[in-house]
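The next block holds one structure in the form of C-alpha cells; read it before the comments.
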Amino acid sequence: MAINLQKVTLEKVGDTHFIDLSKRETPITNEIIINLNWSKGNKKRLFSGLFNKDIDLDLGCFYELENGEKTVIDGLQFSHGQGGSKDRLTKQGRYTNTPWIWHSGDDKGSRVGSGENILVNPKGLSSLKRMIIYCFIYEGVAKWQETNAVVTVKVSGNPDIEVEMGNQASHYKFCAIAEILITANSIGVKKLITFHDSHEECDKMYNWGMKWTSGAK
C-alpha cells in the first residue's frame, strides 16, 4: 500500500485503508464519490471498413443498510426508464434519503476521462453497513488488461483511495473491485479484484443472499 498526502493506493489484494471518523472535528458534509475510470481503447480498423468498439465498463455496487435492506445499483438495473434524479427513489438509488446512494448515470464511453460515479450522502453514513464496488463489460470480449481500470474513493478532508485493477486477464466479464465497510467510527476500503461470470456468482462469493433474474439494457 502506497501513501502520500494526495492519495492512498491499494496495491495488493487484501490491502485495506481506514478513514478514522472518530478524530474528525467536524462531520463530513461533501458528497462521497466512488469513481470508476478506464482507458476507452483505440479503435482499430477491421475488414470491410468496420471498427472495433471502444471498451465500455459499467460501474455498480451491492449495498447493505444497517436495517438489513440490500440490493444492487448499476446501469443494467436502472435501464429502460427505471432510473431517476437523485431526489427520487428509483433503481438508480436516491441521494437525499434512504438508501443515501445514487449512481450518476451510464457513461457509455462518451466522456473521455470522466468515467462513472456513485455518490454517497454523508448524512446517511450511520444507515450504511457495507458495499461491494464492481464493474462489468456488458458487450464484447473481456479484455481487462486493456482497460487500466481504477476505482477511486473520494472523501473530503482525506487523501483519495485508489484501487487499481492492474494487468489482469480473465474471460469473465464481471469484476468485484473493492469492499467498503462503514461503522460509526470509520470507513474501510479493501482491494478485492475477483472475477465472476455474473452478478449472481459475485453475490454467492460474498454472501449477499439475493435472488437474481436475467436482464438487458
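For the numbers below, each heavy atom of this structure counts, side chains included, while hydrogens, waters and symmetry mates do not.
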Regarding [X] and [Y], do their side chains bring together a donor and an acceptor under 3.5 Å, going by distance alone?
X	Y	result
Ser22	Asn185	no
Trp212	Asp203	yes
Asp197	His171	no

To which residues is Trp102 joined in a hydrophobic cluster, defined by side-chain heavy-atom contacts under 4.5 Å among Ile, Leu, Val, Met, Phe, Trp and Tyr, whether direct or through other members? Ile33, Tyr95, Leu119
Atom NZ of Lys91 with >12 non-hydrogen neighbours under 6.0 angstrom: no
In terms of heavy-atom contacts, does NZ of Lys129 have more than 12 from other residues, nucleotides or ligands at under 6.0 Å? no
What about [X] and [Y], same hydrophobic cluster or not, with Ile/Leu/Val/Met/Phe/Trp/Tyr joined at side-chain heavy-atom distances under 4.5 Å?
X	Y	value
Leu57	Val150	no
Leu65	Leu89	no
Leu181	Val153	no
Ile177	Phe18	no

The test is side-chain contact (heavy atoms from CB on, under 4.5 Å); show your working for Ile180 and Leu128 and say whether it passes. CA-CA 10 Å; Ile180 300 177; Leu128 300 176; over 6 Å; no
Straight-line distance of [X] [atom1] to [Y] [atom2], nearest 0.5 Å:
X	Y	atom1	atom2	result
Ile73	Cys61	CD1	SG	4.5 Å
Cys135	Asp58	SG	CG	8.5 Å
Ser79	Gln92	OG	CD	10.5 Å
Leu21	Ser126	CG	OG	11.0 Å
Ile132	Lys70	CD1	NZ	11.5 Å
Thr71	Gln77	OG1	CD	7.0 Å

Main-chain N/O of [Y] paired with [X] side-chain donor or acceptor, under 3.5 Å:
X	Y	answer
Gln168	Met165	yes
Thr90	Gly84	yes
Ser186	Gly188	no
Thr9	Glu11	no

Per the side-chain contact (heavy atoms from CB on, under 4.5 Å) rule, which among Thr194, Val72, Leu192 passes with Tyr134? Val72
Exercise: identify the closest heavy-atom pair between [X] and [Y]:
X	Y	answer
Cys202	Ala176	SG-CB, 3.9 Å
Ser156	Ile28	OG-CG2, 3.8 Å
Asn167	Gln145	OD1-CB, 2.9 Å
Ile193	Glu164	CD1-O, 4.2 Å
Phe78	Gly105	CZ-CA, 4.1 Å

Do [X] and [Y] make a side-chain contact, defined as non-hydrogen atoms from C-beta onward lying under 4.5 Å apart?
X	Y	result
Trp38	Glu116	yes
Leu59	Asp74	no
Val163	Val189	yes
Lys7	Ile161	no
Glu200	Met205	no
Ile34	Asn117	no
Glu69	Thr98	yes
Leu10	His17	yes

Which word best sums up how the rings of Tyr206 and His196 line up, parallel for under 30°, tilted for 30 to 60°, or perpendicular for over 60°? perpendicular
Can you classify the ring geometry of Phe174 versus Phe136 as parallel (below 30°), tilted (30 to 60°) or perpendicular (above 60°)? parallel
Working for side-chain contact (heavy atoms from CB on, under 4.5 Å), residues Glu66 and Arg130: CA-CA 9 Å; Glu66 286 290 347; Arg130 63 171 176 153; over 6 Å; no
Can Ile187 and Ile32 be said to form a side-chain contact (heavy atoms from CB on, under 4.5 Å), step by step? CA-CA 11 Å; Ile187 300 172; Ile32 296 168; 4.2 Å; yes
Apply ring-ring contact (aromatic ring centres under 6.0 Å, His included) to Trp100 and list each qualifying residue two or more places apart in sequence or on a separate chain. none
Thinking salt bridges, do Lys191 and Asp15 make one under a 4.0 Å N-O criterion? no
Show every ring-ring contact (aromatic ring centres under 6.0 Å, His included) that has at least one partner inside residues 139-169, sequence neighbours left out. Trp144-Phe195
Test log, rule side-chain contact (heavy atoms from CB on, under 4.5 Å), inputs Val120 and Met131: CA-CA 11 Å; Val120 179; Met131 301 174 70; 4.3 Å; yes
